[in-house]
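Residue numbers count from 1 along this sequence. Read the numbers this way: they start at 1 and go in the same order the structure lists the ligands and their atoms. Just so you know, these numbers come straight off a predicted model, no measurement behind them.
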Amino acid sequence: MPAKKKAAAKKPVKKAIKKAPAKAASKSKKDAPEKKPAKSYQSLRGMKDILPGQGKYFMKTFDAARNVAEAYCYGYLETPVLEAAQLYVKTIGRGTDVVDKEMYTFEDRDGSKVALRPEFTAGIARSYISHGMLNQPQPVKVWSVGQLFRHDRPQAGRYRQFHQFNCEVIGTRDPVIDAELINMAYSFLKDLGIQSEVRINSIGSADDRQNYTIELVGYLRTKRAYLCDLCKKRINKNPLRVLDCKEPGCQEALEEAPQIIEWLSTASKDFFMKVLEYLDELHIPYVLTPTLVRGLDYYSDTVFELFVEGEEGSQSALGGGGRYDALLESIGAREPTPASGFAMGIERIMLTLQKMDKKELLDGQVLELSGLPERQFYFAQLGEQARRKALSLIEELRQSGIMVGSSLSKGSLKTQLETANKMGATHSIIIGQKEVQDGTVIIRDMDSGIQEIIDQKKIEAHLRKIMK
Ligand code: HAM
């Protein structure tokens with residue numbers, strides 16, 4: 001009876017499907033006004049989709065970040081993407097590119113001024129204070145991964161929405177912590193196969209910088225004519241930023257500039273020497289870089305950046321950080337709360353990994369879109385009953401810890417086995433109507449084509465044997 005019902009039902013359905021569109025089309029041409037296609041949208045300038053083909057680089061980076069952060073006992077912290085705009089103005093500082101030009105600031109519905117976070121540090125410091133983390137054992141060590149927003153001029157490796165892997169240690173002033181952080185950033189890249197170069201400097205305390213700035217401004221005034229327009233403005237607004245301008249004229253003009261390291265107090269000098277000694281102990285090569293001052297106002301003492309080794313003069317740091325001993329007090333901490341941290345740019349690391357994989361690059365975008373995962377095993381099915389059985393068998397395997405590839409929406413065995421090959425499967429598990437009835441599956445060796453029939457209850461054990 002059911003067989004008859006099926007046969008009877010099949011043909012009319014097919015016919016109905018075939019006929020219906022033709023009728024509708026002829027009617028619509030005559031009577032209905034022509035339907036315009038809906039407007040399509042592009043992502044906003046500087047905001048990129050991370051496509052499935054790139055997703056594996058993102059996940060690889062995320063996993064390496066998690067491994068290193070957890071190894072050093074950092075707790076995961078998430079802060080909101082939206083914060084009071086003033087939080088960033090007070091910490092990153094007026095006169096910096098991030099605050100003056102790049103922040104996405106807008107009025108919330110209640111009239112308050114809010115900003116999309118341009119970085120993690122200020123929000124994490126706010127969280128430390130508002131949750132009374134001062135009462136926890138110090139220092140508090142946290143890591144985060146998430147999106148940041150800066151309205152910068154987009155180019156390869158510089159976007160308006162991007163991700164960072166960020167680590168902060170709050171509640172201690174100890175050079176060993178700075179060395180630990182630099183080691184984490186360096187080792188994280190090394191774990192990903194990226195050999196990096198650490199550039200390091202000390203910008204001393206606020207007093208050291210004030211004395212040095214007077215000297216620097218005096219020097220820069222004598223070289224004003226050689227500086228780029230932006231740096232001419234910076235002489236009065238933010239003279240330290242002139243130091244890391246990459247314009248050739250500015251670089252030349254800076255050749256004889258006074259170096260901040262000579263203006264450090266004994267305490268800051270000793271602190272910096274200790275950081276370097278710890279780095280020597282860790283065998284981390286570093287380049288002393290007297291012009292490195294970083295673009296955010298809150299730093300004091302140690303500052304550092306990491307670049308791909310051998311990319312001389314590169315402007316694109318993979319990451320950077322430093323000590324910020326006065327930041328927390330500037331946003332309400334009741335007592336001195338020294339801190340230090342770093343952030344690594346995930347998109348820049350992904351681009352480096354893609355280049356290392358020698359994938360063809362087009363404007364920083366990898367051309368591969370499919371993002372098919374790699375799988376040792378692939379589950380192919382033929383026919384509706386087999387598809388149903390495959391659904392539950394695949395889930396049973398997943399629960400026992402074996403991930404298999406599949407394309408359940410595909411009917412053709414040939415197409416499925418082609419996908420198995422693309423995923424790099426060594427074996428396919430095949431089920432059809434006959435196997436469903438027999439309670440078996442076929443295991444096919446993708447290289448030799450040799451097939452074995454296995455009881456469905458023994459699939460897991462059989463696959464484990466192959467995995468050995
Ligand atoms: P930052 O140097 O502004 O530091 O950013 C760190 C890293 O984020 C950069 O080295 C770069 O790799 C990446 N990055 C920055 N801007 C962009 C962009 N527009 N597009 C793509 N990647 C970008 C900070 O953010 C500090 N909060 C780091 C820190 C943590 N200091 C102490 N603790």
Side-chain angles (χ1 to χ4, degrees), residues 45-48 50 58 61 65 69 74 77 79 83 87-88 91-93 96-99 101-104 116-128 139-170 177-178 180-182 184-185 188-189 194 196-201 203 241 244 292-308 311 314-328 338-353 364:
R45 192 162 129 80
M47 309 222 167
K48 299 262 179 190
I50 296 180
F58 184 87
T61 310
Y74 285 57
L77 176 72
T79 57
E83 297 267 6
L87 172 68
Y88 300 113
T91 53
I92 297 170
T96 59
D97 287 351
V98 172
V99 165
K101 298 190 216 153
E102 297 168 6
M103 257 209 315
Y104 281 87
L116 290 177
R117 61 184 181 199
E119 58 126 33
F120 276 112
T121 311
I124 290 170
R126 193 261 321 131
S127 176
Y128 174 97
V140 170
K141 297 176 166 191
V142 290
W143 73 286
S144 314
V145 168
Q147 289 101 335
L148 296 310
F149 302 84
R150 294 184 191 178
H151 195 276
D152 205 346
R153 198 165 43 81
Q155 59 188 55
R158 195 198 288 158
Y159 310 113
R160 291 182 175 171
Q161 177 176 333
F162 59 99
H163 295 75
Q164 285 181 347
F165 159 41
N166 187 89
C167 288
E168 310 289 358
V169 179
I170 305 181
I177 290 297
D178 296 13
E180 174 180 294
L181 286 160
I182 294 169
M184 285 172 70
F188 154 72
L189 292 175
I194 302 172
S196 65
E197 175 183 295
V198 178
R199 300 185 194 163
I200 190 168
N201 192 22
I203 56 169
R241 293 295 291 158
D244 67 0
L292 178 63
V293 287
R294 308 269 301 134
L296 313 163
D297 270 2
Y298 50 65
Y299 290 111
S300 53
D301 288 301
T302 323
V303 286
F304 57 91
E305 285 181 343
L306 291 98
F307 293 79
V308 176
E311 287 193 359
S314 169
Q315 291 184 39
S316 302
L318 294 181
R323 181 152 282 286
Y324 52 97
D325 288 346
L327 186 154
L328 279 100
S340 192
F342 71 82
M344 308 300 291
I346 290 191
E347 280 75 5
R348 291 191 191 169
I349 292 166
M350 285 168 62
L351 280 175
T352 309
L353 293 175

Would [X] count as a contact residue for ligand 1, given that I'm defining contact as a non-hydrogen atom of the residue lying under 4.0 Å from a ligand atom?
| X | result |
| --- | --- |
| R348 | yes |
| N166 | yes |
| L296 | yes |

With respect to F342, which candidate in L181, L306, I182 satisfies the side chain to side chain contact (heavy atoms under 4.5 Å, CB included) definition?
L181
What is the closest protein heavy atom to [atom], and at what distance does it sit?
| atom | result |
| --- | --- |
| atom 14 (N) of ligand 1 | F162 CE1, 3.5 Å |
| atom 13 (C) of ligand 1 | G345 CA, 3.5 Å |
| atom 12 (O) of ligand 1 | A317 O, 2.9 Å |

At under 4.0 Å between heavy atoms, which part of E168 makes contact with ligand 1: side chain, backbone, both or neither?
side chain
Within the 4.0 Å heavy-atom cut-off, what R150 brings close to ligand 1 is side chain
Taking 4.0 angstrom as the limit and counting only heavy atoms of [X], give me the atoms of ligand 1 inside it, by number and element.
| X | value |
| --- | --- |
| Y159 | 18 (C), 19 (N), 20 (N), 21 (C) |
| G321 | 31 (N) |
| G157 | 20 (N), 21 (C), 22 (N) |

Step-by-step side chain to side chain contact (heavy atoms under 4.5 Å, CB included) determination, L189 to M344
CA-CA 9 Å; L189 292 175; M344 308 300 291; 3.6 Å; yes
Looking only at non-hydrogen atoms, which of [options] approaches [atom] most closely?
| atom | options | answer |
| --- | --- | --- |
| atom 1 (P) of ligand 1 | M344, R294, E119 | R294 |
| atom 5 (O) of ligand 1 | E102, Q164, R117, R160 | Q164 |
| atom 29 (C) of ligand 1 | F165, F120, Y299 | Y299 |
| atom 26 (C) of ligand 1 | F342, Y298, F307 | Y298 |

Side-chain heavy atoms of L296 within contact of E119, under 4.5 Å
yes
Are R150 and F162 in a cation-pi contact, defined as NZ or CZ under 6.0 Å from the six-membered ring centre and within 45° of the axis?
no
If you measure only the distance, is there a donor-acceptor pair under 3.5 Å linking the side chains of D297 and T96?
no
Distance-only donor-acceptor check, side chains T121 and Y324, under 3.5 Å:
no
Does this structure show an ion pair linking R294 with E305, if we count only N-O contacts that are shorter than 4.0 Å?
yes
Could you check whether E83 pairs with R126 (Lys NZ or Arg NE/NH1/NH2 to Asp/Glu carboxylate O, under 4.0 Å)?
yes
Please check whether L318 reaches ligand 1 - meaning an N/O of the residue sits under 3.5 Å from an N/O of the ligand, judged on distance alone.
yes
Verify, without hydrogens or angle tests, whether R348 (side chain) and G157 (backbone) share a donor-acceptor contact under 3.5 angstrom.
yes
Between E347 (side chain) and R158 (backbone), is there a donor-acceptor pair under 3.5 Å?
no
